[in-house]
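Worksheet: the structure to be examined is printed underneath.
Letters A, B, ... mirror the listed sequences (proteins, then strands); counts begin at 1.
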2 protein chains.
Amino acid sequence: MTAKEQSILDAALSLFVSNGFHGTPTALIAQKAEVSNGTLFHYHKSKEALVKTLYTCIVTEYQEATLDGEQDIESIKEKVRLLWKQSIDWAFENRDKYHFILQYKYSTTKQDKKTDQVGNLKKRFADITEKGIQQKLIAHRPDDFIFSMFEANQYGMMSYLLENPVKYRMPEFMKQAFTWFWDGISA
Amino acid sequence: MTAKEQSILDAALSLFVSNGFHGTPTALIAQKAEVSNGTLFHYHKSKEALVKTLYTCIVTEYQEATLDGEQDIESIKEKVRLLWKQSIDWAFENRDKYHFILQYKYSTTKQDKKTDQVGNLKKRFADITEKGIQQKLIAHRPDDFIFSMFEANQYGMMSYLLENPVKYRMPEFMKQAFTWFWDGISA
DNA sequence: ATATTGATCGACTAATCACTCGACAATAAT
DNA sequence: ATTATTGTCGAGTGATTAGTCGATCAATAT
């Protein structure tokens, strides 16, 4: 990806988060990215395509950050702890991107088959969950229910942490928060 | 509220949920509401104002539905159960409205001091939580953290139930889901 | 009866915006 | 050296749209 290409995505993210998709003219994105109007459309065939590309990039980054290093861990509980921690860390350190994901999720662009980009994380999580259930560590529940609760927990944690950022730096608080989550899904 | 006024709000909700705020021209709202363009602006001084009014109406309805009858119950646990159930029931039965709330929450209309309409429910919930903590029923945690977890749980439940609507009609599943939530916040 | 008020209409406008296009530059391929 | 390809520009355009305006109409008050 060229520097200009990246610069367009950066500008778009920042403007989308503060003004919304439709509140952000492509001309403004180009301007902020220090690129001409035409260049923007050289890289993205439409505004819609730009939004989608941005979403895909961000979700991919999120999933990689969340899954990073999971393979190196044996214990199911520690795997879950890692995913839980990393998903919150990423969202906390990349608020704009996290905000954008939610914004996109609940936006509705005409007849858009929101490609379920979350598939990868969901799949790996399901594997872990299943193994956990076999080992009688995790309660016997549908994979996707547990995954919903995982996402919900991140959602709630973020909503709280953004109001009380200081708590993020309190290991005891964070540790306890995970314990709650784990107790919730464990057998 | 006159019939036309209501009709405008209904049309707006339906169109917003399927096309987004900015994807919905005011002219289309007026058309669907079977009202002239001028009439729409007679009732709402701007599109922005219309969106805000709609949001306020919906959040108020949500809170009233969720809080309904809470005063008549003594037990803290049963109060929480009622709120938990009613908040999910309402969201499940009013998907468009629930979707709109999230859509609005993560939309960003320029320099908009998102008036924290949730205040009422949050306040009553905090009262209950506090009493629960005193009675050693609920774990000793900040009010707003528990409330975040309450909202997060609803978020997760909805995300799961919308994919698996049949589960909503299984009392055992729903009962267990509440138990999970309660175990999570109880002492 | 008359006046006042508010509801309703829909054509109109001024502005905005997504996207195009043709030109030019830089780089790569032959 | 010549051609092809790709990147870059920004002025221009056609379509869209939020919001206005002046005109009726209905209802109520005086």
**Request:** Rounded off to whole Å, could you give me the CG-to-C1' distance for the B:L40 and C:dG6 pair?
**Result:** 17 Å
**Item:** Atom pair distance, as rounded to whole Å: CZ in A:F41 and C1' in D:dT6
**Value:** 19 Å
**Complete:** Quick note, salt bridge (charged side-chain N to carboxylate O under 4.0 Å, His left out) partners involving residues 173-185 of chain B, not counting sequence neighbours, are none
**Fill in**
In whole angstroms, the gap separating P of C:dA11 from CD of B:Q31 amounts to 13 Å
**Message:** Give the residues of residues 10-17 of chain A touching DNA chain D, defined as any heavy atom closer than 4.0 Å, sorted by residue number.
**Reply:** none
**Residues that B:Q6 engages under side-chain hydrogen bond (donor to acceptor under 3.5 Å, both in side chains), provided they are two or more places apart** = B:D10
**Request:** Give the other cluster members for A:L82, using side-chain heavy-atom distances under 4.5 Å between Ile, Leu, Val, Met, Phe, Trp and Tyr residues; answer none if it is isolated.
**Result:** A:I73
**Prompt:** What residues form a ring pair (Phe, Tyr, Trp, His ring centres under 6.0 Å) with A:F100, not counting sequence neighbours?
**Reply:** A:F21
**Request:** Could you run through nucleotides 7-16 of chain D and give me one letter per nucleotide, 5' to 3': B if any protein heavy atom sits under 4.0 Å from the base, S if only the sugar-phosphate is that close, - if neither?
**Result:** BBBB------
**Message:** Please report the distance, rounded to the nearest Å, between NZ in B:K47 and P in D:dT20.
**Reply:** 15 Å
**Message:** Test of understanding: with salt bridge (Lys or Arg N to Asp or Glu O under 4.0 Å), list the residues that count as partners of A:E5, not counting sequence neighbours.
**Reply:** none
**Request:** Nearest whole angstrom, please: distance from the P of C:dT8 to the NE2 of B:H44.
**Result:** 11 Å
**Exam field: side chain B:Q103 to backbone A:S107, donor-acceptor pair closer than 3.5 Å** = no
**Request:** Check ring pair (Phe, Tyr, Trp, His ring centres under 6.0 Å) between B:Y168 and all other residues, then give those that pass, not counting sequence neighbours.
**Result:** B:F92
**Item:** Pairs where residues 28-50 of chain A contributes a residue and the test ring-ring contact (aromatic ring centres under 6.0 Å, His included) is met, not counting sequence neighbours
**Value:** none
**Asked** Within the pair B:T26 and D:dA18, is there a side-chain N or O less than 4.0 Å away from OP1 or OP2?
**Response** yes
